[in-house]
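We use all heavy atoms of the structure for the numbers below, so side chains are in, but hydrogens, waters and symmetry mates are not. In this text the structure is predicted, and so the values were computed from the model without any measurement. Per chain, numbering begins at 1; letters A, B, ... match sequence-line order.
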Amino acid sequence: MKRKGLFITIRSIVSKIPKGKVVTYGDIARVLGLRNSRIVGWALRGNQDPNIPCHRVVKKNGFLAENFSLGTWKEQKRLLKAEKVKFIKKNQVDLNKHYWQIT
DNA sequence: AAAGTGACGCATT
DNA sequence: TAATGCGCCACTT
């Protein structure tokens, strides 16, 4: 990945997500002025930095991404549950309780 | 340079 | 309600 600028921007946003909160890919993309949320996924995918809580980034409806860097959504779920995040389905978090609006 | 790919999202079938 | 299609940005081959 050559474009580190975008990568760094996304990293700064994700690292600001409070513990126990989640954000959607689409929202991050909007903040960056992108109309394509895939870019966000692309950036997180190449990242394995533990400083970046990428497990707090979920899909629009709160569903977890199927391809998590560290493994699958099961791993992501485990990390989220460790932060007391409530799941309304086995692979869907409770957005009403844990959604963090980016400002 | 052109086509393929992807941690998505929304509209249409 | 589920499946399919397409837009969109950047990366890879």
Side-chain angles (χ1 to χ4, degrees):
Chain A
M1 50 194 91
K2 292 165 185 152
R3 294 264 170 203
K4 287 202 229 155
L6 186 53
F7 182 89
I8 291 178
T9 306
I10 293 178
R11 178 176 67 182
S12 63
I13 293 176
V14 175
S15 57
K16 283 175 187 160
I17 305 176
K19 184 180 177 184
K21 296 290 182 181
V22 296
V23 175
T24 65
Y25 293 97
D27 286 338
I28 295 178
R30 279 179 71 140
V31 169
L32 298 179
L34 302 173
R35 297 187 286 281
N36 185 8
S37 36
R38 292 177 105 102
I39 298 299
V40 179
W42 158 80
L44 294 181
R45 178 183 163 217
N47 174 52
Q48 297 181 25
D49 194 326
N51 300 330
I52 306 180
C54 40
H55 57 279
R56 297 184 189 140
V57 184
V58 299
K59 292 195 190 181
K60 188 76 177 184
N61 312 300
F63 284 100
L64 304 183
E66 292 149 26
N67 301 311
F68 191 59
S69 297
L70 313 175
T72 61
W73 58 266
K74 298 176 198 162
E75 183 66 21
Q76 185 175 6
K77 176 182 180 181
R78 203 168 57 179
L79 293 169
L80 289 172
K81 283 178 74 73
E83 299 182 352
K84 314 300 183 202
V85 172
K86 182 182 178 183
F87 278 72
I88 57 184
K89 290 288 181 189
K90 61 180 182 179
N91 62 333
Q92 183 181 22
V93 303
D94 191 338
L95 277 186
N96 287 317
K97 275 188 165 300
H98 306 288
Y99 183 69
W100 181 65
Q101 194 169 36
I102 305 177
T103 50

Distance check, P atoms only: C/dA2 and B/dA7, in whole angstrom units. 22 Å

Can you check whether A/Ser37 reaches A/Ile28 side chain to side chain, under 4.5 Å on heavy atoms? no

Given A/Trp73, which partner from the list A/Lys90, A/His55, A/Arg78 fulfils the side chain to side chain contact (heavy atoms under 4.5 Å, CB included) test? A/Lys90

Would you indicate whether the side-chain heavy atoms of A/Lys84 and A/His98 approach each other to under 4.5 Å? no

How close do A/Ile10 and A/Val40 get, counting heavy atoms only, and between which atoms? CD1-CA, 3.9 Å

Count the heavy atoms belonging to other residues, nucleotides or ligands that lie under 6.0 Å from CD of A/Glu75, then report whether that count exceeds 12. yes

Grab the CZ-P distance between A/Arg45 and C/dA10 for me, whole Å please. 16 Å

Heavy atoms only: give me the nearest A/Trp100-A/Val23 pair and the separation to one decimal. CE3-CG2, 3.3 Å

Return yes if a side-chain donor-acceptor contact under 3.5 Å exists between A/Asn51 and A/Asp49, otherwise no. yes

For DNA chain B, which residues of residues 55-85 of chain A approach it to below 4.0 angstrom with any heavy atom? A/Lys59, A/Lys60, A/Ala65, A/Asn67, A/Phe68, A/Ser69

Distances under 3.5 Å between nitrogen or oxygen atoms of protein and nucleotides 4-9 of chain C:
unit_1	atom_1	unit_2	atom_2	d
C/dG7	O6	A/Arg38	NH1	3.1
C/dC8	O2	A/Asn36	OD1	3.3
C/dC8	O2	A/Asn36	ND2	2.8
C/dC9	OP1	A/Arg35	NH2	3.0

Of the non-hydrogen atoms in A/Arg56 and A/Ile17, which two are nearest, and what is the gap between them? NH1-O, 2.9 Å

Whole angstroms only, please: what is the CH2-C1' distance between A/Trp42 and B/dG4? 17 Å

